[in-house]
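Data block below; observations after.
If you read the sequence from its start, that first residue is 1, and numbering goes on from there.
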Amino acid sequence: MTLTVGDKVVYPGRGPCLIGEVVDKVVCGMSASFYRLALLDDSGAELFVPVAKSGDLHMRTLMARSEIPKLLGHLNTRAVVTKEPLTGKNWRQRELDNLKLFSSGSIFELAQMVESLTQLSTTKNLAAHERETLYRARKLLICEISEVMAESKTAAEARIDNVLEPGKNKLH
């Protein structure tokens, strides 16, 4: 993947970022070039990605606007039909599975995590770390949908909630 200043990419586990200029920094006495990535989650945080290692980090472009209905349909389908009983897994196995999903960078796997934890929360109280994982995954999903659709994060969150909560009208 070629990174170009001004493009938007998704950094796994951190969400959508705007690619800034290449900056030179001295790290451990060695000079290196880094892409400056500005997170688009309203935190104002920046990431510095070594130019030489940027291809190894599983970054991807934002999903296409045309994929949003597919993503929401995927959430909707999974909410109606559970393919795997979540209560059969212990918290540690769910945590390991979720770490893999975060690091994959896939928006569809992130949506799977949101749906799975949301569904699990309807049958039992989530542990504190699972609630935090759900919050983080929702935040990443909301941020990417918001960027792709050029809408507020509140509107993107409403799209997700309308799909995950039965009996509500679906926004598309």
key: With E144, the side chain to side chain contact (heavy atoms under 4.5 Å, CB included) member among D41, I68, L110, V10   =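 For E144, the side chain to side chain contact (heavy atoms under 4.5 Å, CB included) test succeeds with only one of D41, I68, L110, V10, which is V10.
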
With a 4.5 Å cut-off on side-chain heavy atoms, are [Y] and [X] touching?
| X | Y | answer |
| --- | --- | --- |
| R159 | E151 | yes |
| L37 | M59 | yes |
| L18 | L40 | yes |
| L117 | M113 | yes |
| T61 | D7 | no |
| R138 | E157 | yes |

Specify the closest pair of heavy atoms between L39 and C17, including all atoms of both residues, with the distance to one decimal.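 Where L39 meets C17 most closely, the heavy atoms are CD2-SG, 3.2 Å.
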
Here the pair of heavy atoms bringing T122 nearest to Q119 is OG1-O, 2.5 Å

Do [X] and [Y] sit in one hydrophobic cluster, given that two such residues count as connected whenever their side-chain heavy atoms are within less than 4.5 Å of each other, even indirectly?
| X | Y | answer |
| --- | --- | --- |
| Y135 | V163 | no |
| V23 | V26 | no |
| V148 | L140 | yes |
| V22 | Y11 | yes |
| I107 | L99 | no |

task: Flag yes if more than 12 heavy atoms outside H58 fall under 6.0 Å of its NE2 atom; otherwise flag no.
output: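 12 or below, so no.
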
| query | Around atom CZ of F108, are there more than 12 heavy atoms of other residues, nucleotides or ligands at under 6.0 Å? | reply | yes

Report the distance from atom [atom1] of [X] to atom [atom2] of [Y], rounding to the nearest 0.5 Å.
| X | Y | atom1 | atom2 | value |
| --- | --- | --- | --- | --- |
| L141 | R136 | CG | CZ | 13.5 Å |
| T4 | I19 | OG1 | CD1 | 6.5 Å |
| N125 | L120 | CG | CG | 10.0 Å |
| I160 | L72 | CD1 | CG | 7.5 Å |
| E132 | E130 | CD | CD | 12.0 Å |
| E67 | L71 | CD | CG | 8.5 Å |

S66 meets the side chain to side chain contact (heavy atoms under 4.5 Å, CB included) criterion, sequence neighbours left out, with A64

message = Given 3.5 Å as the limit, does a donor-acceptor pair link the side chain of S146 with the main chain of I142, or not?
response =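 Here the side-chain-to-backbone pair does not exist.
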
